[in-house]
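Below is one structure; the comments refer to it alone.
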Amino acid sequence: MNGKVQVFNPNGGSIGRLGRSKRKIATLGNVKSEMRRLYGKLATGELDPDDFKTAMAGLKIMADVIEKADLEARIDDLERLLAEAARNG
C-alpha cells in the first residue's frame with residue numbers, strides 16, 4: 001500500500017489505481033459486478049492486493065447496507081398488506 005488515503009467513489013470519478021467506475025452501485029448485482037471487475041484487475045496485476053482488500057471491504061459494507069434496505073422495504077410492504085387485511089376483515 002502506498003500510505004495514502006484513497007477514496008472509493010462508486011458512482012464515477014477517479015479512484016486512484018482502482019480505475020474509473022461509471023456504474024451506479026445500487027443493487028447487490030451491481031456490487032457483484034464491481035467485485036468481479038476489481039478481481040480481474042487484481043488477477044492481471046493492474047491492482048495492488050492491499051487496494052483490492054480495501055475496495056472489497058467497502059463493497060462488502062455497501063452490500064450489507066443494500067441487503068438491509070431491501071429487507072426493510074420488504075418488511076414495510078408486508079406490514080402494509082397486513083394492516084390492509086386487518087382493516088378489510
Side-chain angles (χ1 to χ4, degrees):
M1 194 150 198
N2 61 13
K4 295 180 182 177
V5 175
Q6 292 187 1
V7 177
F8 180 66
N9 181 354
N11 297 318
S14 180
I15 318 171
R17 289 178 291 194
L18 297 179
R20 192 166 176 84
S21 177
K22 293 183 180 183
R23 293 167 302 282
K24 201 167 203 178
I25 298 179
T27 68
L28 292 176
N30 297 147
V31 171
K32 182 179 173 182
S33 294
E34 187 65 5
M35 286 178 163
R36 185 181 312 116
R37 184 184 78 82
L38 293 175
Y39 179 78
K41 286 183 162 287
L42 175 70
T44 60
E46 297 176 60
L47 186 59
D48 178 75
D50 288 331
D51 290 338
F52 175 77
K53 284 193 279 186
T54 300
M56 288 298 118
L59 287 167
K60 172 70 170 111
I61 291 168
M62 293 174 78
D64 290 344
V65 170
I66 291 168
E67 183 179 28
K68 288 174 183 168
D70 289 348
L71 287 172
E72 183 178 20
R74 291 175 70 186
I75 290 169
D76 288 346
D77 289 344
L78 290 172
E79 288 174 341
R80 182 183 46 77
L81 289 171
L82 184 59
E84 287 175 10
R87 278 193 303 267
N88 295 332

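- Cluster annotation: Ile25 and Tyr39 are assigned to the same hydrophobic cluster (Ile/Leu/Val/Met/Phe/Trp/Tyr, side-chain heavy-atom contacts under 4.5 Å, transitive).
- Arg36 contributes atom CZ, which lies 5.5 Å from atom NZ of Lys32 (distance to the nearest 0.5 angstrom).
- Checking Thr54 against Asp51 by side-chain atom types alone, no donor-acceptor pair falls below 3.5 Å.
- For the pair Pro49 and Leu42, the tightest heavy-atom approach, listed with the atom from each and the gap, is CA-CD1, 3.8 Å.
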Chi angles and distances behind the side-chain hydrogen bond (donor to acceptor under 3.5 Å, both in side chains) call for Asn30, Thr27 | CA-CA 5 Å; Asn30 297 147; Thr27 68; 3.0 Å; yes

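- For Met56, the side-chain contact (heavy atoms from CB on, under 4.5 Å) partners two or more places apart in sequence, or in a different chain, are Met35, Leu38, Phe52, Leu59.
- Scanning for salt bridge (Lys or Arg N to Asp or Glu O under 4.0 Å) contacts around Lys53 gives Asp50, with sequence neighbours left out.
- Residue pairs meeting the side-chain hydrogen bond (donor to acceptor under 3.5 Å, both in side chains) criterion with at least one partner in residues 76-87, sequence neighbours excluded, are Arg80-Glu84.
- Here Asp70 pairs with nothing under the side-chain hydrogen bond (donor to acceptor under 3.5 Å, both in side chains) rule; sequence neighbours left out.
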Apply salt bridge (charged side-chain N to carboxylate O under 4.0 Å, His left out) to the pair Asp64 and Lys68, showing each step before the final yes or no.
-> CA-CA 6 Å; Asp64 290 344; Lys68 288 174 183 168; 5.6 Å; no

